[in-house]
Amino acid sequence: MPINFSCIAIIIMILCGCGAGSIYGPGYYSETKVGADVQRVTFRGGDHPMTGDLCLLRCAEVTLDSGNSFFQVVDSESGSSIDQIPSVYPFHQHYHMDDPFLRDIAFVTKTIRLLKLEAVDGFSYNAKEVRHSMRQKYDIQ
């Protein structure tokens, strides 16, 4: 029996797409510098509680990548956006419909102040502790 390499490739892509670690990619998060030590971090996708946690994880990574150790959340937004899912009409092969399904996509945006030391005024997160905790919680390597 000949090996169908396209089927093997599809199976590998499906298996690699499983788990929280797979949605933690550049297609799902973005950062915008809005001040000298202020960044706006958005994470889009996953379930609502998980989306907030992964946004917090990304805030910690942005903080550490910038050479800082702590961050303060100065503003936070969360919600959902509606996205269309294209699909193949079940009775006609390769006939694409324009609007068969809608998908609810959770998002969380946090505006953070990057700090070298723990904040004197207000609460600040220790970026290393947040990163360790969230990676452990979702088994992200």
Side-chain angles (χ1 to χ4, degrees), residues 2-141:
I3 297 174
N4 187 339
F5 289 106
S6 61
C7 287
I8 293 171
I10 290 171
I11 291 170
I12 290 172
M13 286 189 301
I14 290 171
L15 291 175
C16 290
C18 296
S22 66
I23 68 166
Y24 194 65
Y28 295 95
Y29 66 83
S30 64
E31 300 94 28
T32 305
K33 188 173 184 170
V34 293
D37 289 322
V38 179
Q39 294 239 5
R40 192 166 160 83
V41 178
T42 299
F43 190 89
R44 204 177 156 226
D47 296 326
H48 284 284
M50 176 192 246
T51 303
D53 286 348
L54 292 177
C55 186
L56 203 57
L57 170 60
R58 188 64 193 150
C59 289
E61 292 176 342
V62 166
T63 301
L64 294 170
D65 289 347
S66 69
N68 291 287
S69 299
F70 295 87
F71 66 95
Q72 281 184 310
V73 176
V74 295
D75 189 35
S76 185
E77 304 170 34
S78 63
S80 299
S81 58
I82 302 297
D83 192 19
Q84 284 187 318
I85 304 171
S87 70
V88 177
Y89 190 73
F91 303 109
H92 300 289
Q93 199 172 39
H94 306 296
Y95 177 76
H96 294 278
M97 296 178 65
D98 291 333
D99 58 356
F101 299 102
L102 297 176
R103 175 175 55 182
D104 178 31
I105 300 173
F107 72 87
V108 174
T109 299
K110 295 189 182 297
T111 304
I112 60 172
R113 179 175 294 120
L114 307 171
L115 306 166
K116 296 273 184 211
L117 304 171
E118 191 169 4
V120 178
D121 58 338
F123 178 79
S124 60
Y125 290 93
N126 181 319
K128 286 183 181 178
E129 289 177 7
V130 169
R131 181 180 64 184
H132 174 74
S133 175
M134 293 303 161
R135 283 184 175 179
Q136 186 175 15
K137 181 177 181 178
Y138 293 106
D139 194 27
I140 298 172
Q141 305 306 325

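- With hydrogens and angles left out, the side-chain atoms of Gln39 and Asp37 include no donor and acceptor closer than 3.5 Å.
- Side chains of Glu61 and Glu31 form no contact here, defined as non-hydrogen atoms less than 4.5 Å apart.
- Two residues are said to be in side-chain contact when any heavy atoms from C-beta on lie closer than 4.5 Å; Val130 and Thr63 fail this criterion.
- Residue Arg40 holds its CZ atom at 9.5 Å from OG of Ser76, rounded to the nearest 0.5 Å.
- For the residue pair Ala119 and Ser124, the shortest heavy atom distance occurs at N-OG, 3.1 Å.
- Nearest heavy-atom pair, Arg131 versus Leu57, reported as atom, atom and distance to 0.1 Å: CA-CD1, 3.7 Å.
- In this structure the side chain of Lys110 never reaches within 4.5 angstrom of the side chain of Arg58, judged on heavy atoms.
- The CZ atom of Phe43 lies 10.5 Å from the CG atom of Asp53; values are rounded to the nearest 0.5 Å.
- Minimum interatomic distance between Ala127 and Ala60 (heavy atoms only, all atoms of both residues): O-CB, 3.4 Å.
- Distance check: Glu77 CD to Asp75 CG gives 5.5 Å after rounding to the nearest 0.5 Å.
- For the atom pair Cys59 SG and Arg113 CZ, the distance stands at 13.5 Å (nearest 0.5 Å).
- Using a distance-only test at 3.5 Å, with no hydrogens or angles considered, a donor-acceptor pair links the side chain of Thr51 to the main chain of Gly45.
- For Tyr125, the ring pair (Phe, Tyr, Trp, His ring centres under 6.0 Å) partners are Phe71, Phe123, not counting sequence neighbours.
- Put simply, CG on Asn126 and CG on Leu64 are 8.0 Å apart, with the number rounded to the nearest 0.5 Å.
- A side-chain donor-acceptor contact under 3.5 Å links Gln72 to the backbone of Asp121.
- Checking side-chain atoms of Asn68 against main-chain N and O of Phe70 turns up no donor-acceptor pair under 3.5 Å.
- Considering only heavy atoms from C-beta on, Phe107 comes within 4.5 Å of Thr109 through its side chain.
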